[in-house]
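Note that these values count all heavy atoms, side chains included, but never hydrogens, waters or copies made by symmetry.
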Amino acid sequence: MSERTLEIDNVSKQYRLGAIGGGTLRRDLQSWMARRRGKPDPNRKINSNRPLEPTTFMALEEVSTVADRGDALGVIGRNGAGKSTLLKLISRITAPTSGEIRIRGRVASLLEVGTGFHQELTGRENIFLNGAILGMSRQETASKIKDIIEFSEIEQFIDTPVKRYSSGMYVKLAFAVAAHLDPDILICDEVLAVGDVSFQQKCLGKMADVARGGRTVLYVSHNMRTISHLCTRAIYLENGHLLYDGTVSRAMDLYAGSGVRTVERNLDELPRGKLRGANIRMLSMRVIGSETMEYQMGGTMEFALTFRVDIPESRLRLRLILKNHAMSPVAMTQTDAFEVRPGDQPTIRVRFPLDFIAPGEYSIGLALVDGDPKGRSFYYDSLEDVGHFIISDNPALTDGFTWQENLWGNARLARLEMEWQ
């Protein structure tokens, strides 16, 4: 029977939003100093004499799960689901509002770039500092320092103060330290996304070795491909609630299915990047001919897209990007170039054949771009996820053959043609 290293028992975490002070001496001093200096009271609303009214937010609510030695546990959920809050509670960075977390052994966490490093110390000195924080003796840390430096790939800069390190160098050293100092529980929260691709693969391999060596790994990522390769079990969080604890494939299905499947969508209200949608902006999308957003292999998706135009553009294109349930890009296509003028609010009707897409659930990304003759693109507006749809098996095309995505991917190529010689 495996030894239990982590028990999370009915844990909740509540934050107070807008709370400055808490009726304390510090808060009274803030208000007094502001009045003495003739400045606005930081504990009152702007242009108001009423104190700020803090509201509460439940980041996590009654979450319970366990992990054993050798478990590689994936923590899956969309932004704001409570993943990072859960890991901070396990790492003892903050305390739960209610419930209990029981840990057996040392915990090494990699939650943010540079966490646990002293800026003025060198990389070598920070290795010993982190070892001491984990409860290791100087001799234990010294016995592993050669492997740590070699793994981090920054030997040339190991005696340089870490305040001069790039974010990538921070990650390399921080992961090398966390993985080599024999923690019983290793926690990583998407920080590996900062490193280069080859180092990411190296880290994933090391985490797999850590789990196989009888320790526990907790891994948060939006990259479902790395979750599926590394983790042996997964939990799915949504709005602070733990909705599923079990197989990785089922958790990934829930993550994919948490997207919107609707035939009409107000695109104007969806969040964009800083400069997206300023001059040409998508307003709405309406799917035609499907009430459930479900199609059979070989079918066709059809939708109407309405957008607003504030500047002239002679080479505008609509680009469509598909991602699978692991949120990995599957395919991209786009319309021919067309012309628009300021003041237009056109609606275009788009047909998207699904001839080469395998069964599964997919998300749709849309972008309005200007493509020049050299193949370069300027994005006027871009939305990563405007909705989800499902492609189901078509027995007439497959003759009873069942598609396995993990073996063959998402593209269903045309049937091979052959003849006898």
Side-chain angles (χ1 to χ4, degrees), residues 1-15 58-78 80-111 115 133-135 175 178-179 181-192 203-204 206-224 226-255 257-258:
M1 183 176 177
S2 297
E3 180 187 348
R4 186 136 296 166
T5 55
L6 174 67
E7 295 178 0
I8 301 172
D9 186 8
N10 211 31
V11 165
S12 297
K13 180 62 179 178
Q14 184 183 71
Y15 290 102
M58 293 298 295
L60 287 174
E61 192 165 357
E62 298 181 352
V63 171
S64 298
T65 189
V66 297
D68 298 330
R69 288 195 179 276
D71 279 355
L73 179 64
V75 184
I76 299 175
R78 295 188 174 270
K83 306 183 300 298
S84 295
T85 299
L86 178 61
L87 297 194
K88 287 177 181 178
L89 293 174
I90 298 171
S91 302
R92 309 293 197 195
I93 292 173
T94 186
T97 305
S98 63
E100 186 177 0
I101 298 176
R102 294 180 288 275
I103 297 171
R104 296 179 180 89
R106 298 167 174 163
V107 177
S109 57
L110 196 57
L111 304 182
T115 300
I133 291 172
L134 282 175
F175 183 88
L181 292 184
D182 290 336
D184 295 284
I185 301 175
L186 175 62
I187 300 174
C188 287
D189 184 4
E190 288 221 276
V191 73
L192 296 182
C203 291
L204 291 171
K206 181 63 178 177
M207 282 193 283
D209 292 341
V210 168
R212 285 193 292 267
R215 287 171 279 174
T216 304
V217 174
L218 272 67
Y219 181 53
V220 168
S221 180
H222 288 289
N223 187 332
M224 294 298 105
T226 61
I227 289 280
S228 63
H229 287 172
L230 173 67
C231 299
T232 56
R233 199 176 110 238
I235 60 175
Y236 173 70
L237 295 172
E238 188 172 297
N239 297 325
H241 294 84
L242 194 154
L243 299 187
Y244 178 76
D245 184 345
T247 65
V248 175
S249 59
R250 177 57 181 157
M252 289 168 58
D253 288 341
L254 290 170
Y255 178 80
S258 60

Show the nearest heavy-atom pair for residues A234 and V248, with the distance to one decimal.
CB-CA, 4.0 Å
Testing V63, D9, L89 for side chain to side chain contact (heavy atoms under 4.5 Å, CB included) with I101, which one passes?
L89
List the residues meeting side-chain hydrogen bond (donor to acceptor under 3.5 Å, both in side chains) with T5, not counting sequence neighbours, and say none if there are none.
T216
Who passes side-chain hydrogen bond (donor to acceptor under 3.5 Å, both in side chains) against S64, sequence neighbours left out?
none
I'd like to check I235 versus L86 (side-chain heavy atoms, cut-off strictly below 4.5 Å). Are they in contact?
yes
For S91 and S109, work out which heavy atoms get closest and say how close.
OG-CB, 3.3 Å
Looking at residues at least two apart in the chain, or sitting in another chain, which of them share a side-chain contact (heavy atoms from CB on, under 4.5 Å) with T247?
Y244, S249, R250
Quick one: pull up NE2 in H241 and CE in M58 and give me the separation to the nearest 0.5 Å.
7.5 Å
Tell me, please, which residues at least two apart from E7 pass salt bridge (Lys or Arg N to Asp or Glu O under 4.0 Å).
R102, R104
If the test is side chain to side chain contact (heavy atoms under 4.5 Å, CB included), which one of V11, T85, I8 qualifies with P96?
V11
Among residues at least two apart in sequence or on other chains, which ones pass side-chain hydrogen bond (donor to acceptor under 3.5 Å, both in side chains) with K13?
T94
side-chain contact (heavy atoms from CB on, under 4.5 Å) against V107, all qualifying residues, sequence neighbours excluded
I103, I185, I187
Which heavy-atom pair separates V75 from K83 by the least distance, and what is that distance?
O-CD, 3.7 Å
Which residues satisfy the side-chain hydrogen bond (donor to acceptor under 3.5 Å, both in side chains) test with S84, sequence neighbours excluded?
D189
Residues in side-chain contact (heavy atoms from CB on, under 4.5 Å) contact with N239, at least two apart in sequence or another chain
none
N-O pairing of D209 and K206 below 4.0 Å
no
Roughly how far, to the nearest 0.5 Å, is the CG atom of L242 from the OG1 atom of T65?
6.0 Å
To the nearest 0.5 Å, atom CG of L6 lies from atom CG of L73 at 8.0 Å
Out of curiosity, K88 NZ to L60 CG, how far, rounded to the nearest 0.5 Å?
11.5 Å
Between L237 and A81 the two heavy atoms that sit nearest each other are O-CB, 3.4 Å
Contacts of S98 that satisfy side-chain contact (heavy atoms from CB on, under 4.5 Å) - sequence neighbours left out:
S12
Are the charged groups of R215 and D184 less than 4.0 angstrom apart, N to O?
no
State, to 0.1 Å, how close T97 and Q14 come at their nearest heavy-atom pair, and which atoms those are.
OG1-N, 2.7 Å
Taking all non-hydrogen atoms of both residues, which atom of A251 and which atom of Y236 are closest, and how far apart?
O-CD1, 4.2 Å
